[in-house]
Amino acid sequence: MEDFTFDVVIVGAGPAGIGAAVTASRSGKSVAVLDDNVDIGGQIWRGERTRPLTREAQHWFDEVRRARNVQWWCECAVLGVEGPKQLLVHDRSRQQLCRINYQSLILATGAVELFLPISGWTLPGVFGAGGLQALAKSGYSVCDKRVIVAGSGPLLLAVAAYLQSRGAQLMLVAEQAPWSRVYGYALHLLVYQYTKFRHGVSLRRTLRKTPYRVGCWPVRIRSTENGLQVIFTDGVKYFSESCDLLACGFGLVPNTELAQLIGCRLEQDRLVVNRRQESSISGVYGAGEVCGIAGVETALVEGQIAGYHAVGQDRTAQRLYRRRDRLRRFADRLQKSFALRDELRRVPEPDTIVCRCEDVTFDQVRDLGSCRAARLMARCGMGPCQGRVCGPALRFLFDWKDRSVRPPLLPTPAGVLCEEYVSDPRDSP
Ligand SMILES: Cc1cc2nc3c(=O)[nH]c(=O)nc-3n(C[C@H](O)[C@H](O)[C@H](O)COP(=O)(O)OP(=O)(O)OC[C@H]3O[C@@H](n4cnc5c(N)ncnc54)[C@H](O)[C@@H]3O)c2cc1C
């Protein structure tokens, strides 16, 4: 297995990783950015390197082009920890494993979508909201498809507007938060975050022909001759709407698996960092959604702070603290406004599948008491996604706190692992 050594290694090439790499590289130290995707940009700027859609993305991709001393390793999945200050990486383009050594590590691993089990959610045509957006960005055609976007958070409007721009016919955007909270959030934006308010208004204007219903959530999905029939409730009444594609997302959950393997402290599902963006382990920093869901601006500023501190430029980093703190306060407000309602815990029916890989039903796990027990006794989370979808859902549904993370963090062909780890029997004496 080949070994590579860098002063600073960054995992994740989204806005946080890009911000960190650009600033760290200014010191002249060697920097490597590792990302599982085929190109840099993370979730929001996926596929935009050659044609950025916003001025902000354009600016950062220009910075990427100018940055010296940075190696951008795409299609490289970080599978786990190999030794002290050493990561095990699967380079997919060369189908081989390598060890990456670092002085400082910046975790910018982003977030995953919270996709809650609903009766019928395994039917063809039902997607995660961000998942459908990611597919559309990668070429999946939604043109002329009737689409419903349901769940929670500002991401719903962003996804709906994007799908509409790709030719989809948006039938409904359904937000589970009550009107009072959505209204309070909009008012907060108007007073304290006017640019974001204007962005929200412009998204709503783009979607002016699409109803935006608040205080309602999907409870069942059926397959009919007319496509999918989605049944919604507001807690009192029920109504249904038909569509070809349903995009469902109940917010985002920090992707802390690597942080956990390294042994960093987590709290409320997020990586704990201090003002320097440093985790409980010295020399290991965190930036962006892994430290809590807060949006692209926060990811960028935290990435820059982590990048400067990782190369010892503490004073430059400190100049960004105020901005970061203000953005984090706004993120806390966002979390409260779109907090998930208790009723969502009662949506799954006894035979609703909760683990899509292993076909485990709600009834099979409800009394098991922990994610670990659900894994051991019902195979929940033992399939190809390794609990990446059902894990966050179970923690929300049952308030289970435990999480078990094991390498490899991302699916890896057995052949690649065998070549390195299983000795050839013919070598034995
Ligand atoms: C599915 C989805 C869709 C979204 N769509 C929008 C949108 O339309 N508009 C909007 O404003 N915000 C959107 N967001 C939120 C937005 O992505 C974030 O606000 C912002 O991109 C956060 O940046 P980040 O750098 O922290 O994380 P990300 O942009 O998520 O970047 C994290 C990167 O880490 C990589 N990574 C993680 N683990 C590993 C590993 N083990 N090995 C290698 N690489 C790894 C991932 O491949 C990813 O590229 C979306 C989020 C998600 C999850």
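Just the heavy atoms: all of them, side chains too, but no hydrogens, waters or symmetry mates, feed the values below. Remember, it's 1-based here, ligands and their atoms both numbered in the order they're listed. Since the structure is predicted, the reported quantities are computational estimates derived from the model, not experimental observations.
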Could Arg372 and Trp400 be counted as a cation-pi pair, given that NZ or CZ must be under 6.0 Å from the ring centre and within 45° of the axis?
-> no
Is Arg333 positioned over the aromatic face of Phe330, cation under 6.0 angstrom from the ring centre and no more than 45 degrees off axis?
-> no
Heavy-atom closest pair, residues Phe362 and Val354 | CA-CG1, 3.9 Å
Name the atoms and distances for all side-chain donor-acceptor pairs under 3.5 Å in residues 64-72, with sequence neighbours left out.
residue	atom	partner	partner atom	Å
Arg65	NH2	Asp62	OD1	2.7
Asn69	ND2	Ser25	O	3.0
Gln71	OE1	Trp73	NE1	2.9

Pair Arg26-Tyr308, side-chain donor/acceptor within less than 3.5 Å | yes
Please produce the table of protein N or O atoms sitting under 3.5 Å from N or O atoms belonging to ligand 1, one pair a line, distance to 0.1 Å.
residue	atom	partner	partner atom	Å
ligand 1	5 (N)	Gln133	OE1	3.0
ligand 1	8 (O)	Gln133	OE1	3.3
ligand 1	8 (O)	Gln133	NE2	2.7
ligand 1	19 (O)	Glu289	OE2	3.0
ligand 1	19 (O)	Val296	N	3.3
ligand 1	25 (O)	Pro15	N	3.3
ligand 1	25 (O)	Ala16	N	2.9
ligand 1	26 (O)	Glu289	N	3.0
ligand 1	29 (O)	Gln43	N	3.0
ligand 1	41 (N)	Val78	O	3.1
ligand 1	42 (N)	Val78	N	2.9
ligand 1	44 (N)	Asp36	N	3.1
ligand 1	47 (O)	Asp35	OD1	2.8
ligand 1	49 (O)	Asp35	OD1	3.2
ligand 1	49 (O)	Asp35	OD2	2.7
ligand 1	49 (O)	Asn37	ND2	3.2

Between Phe250 and Trp217, does the ring centroid distance fall short of 6.0 Å?
-> no
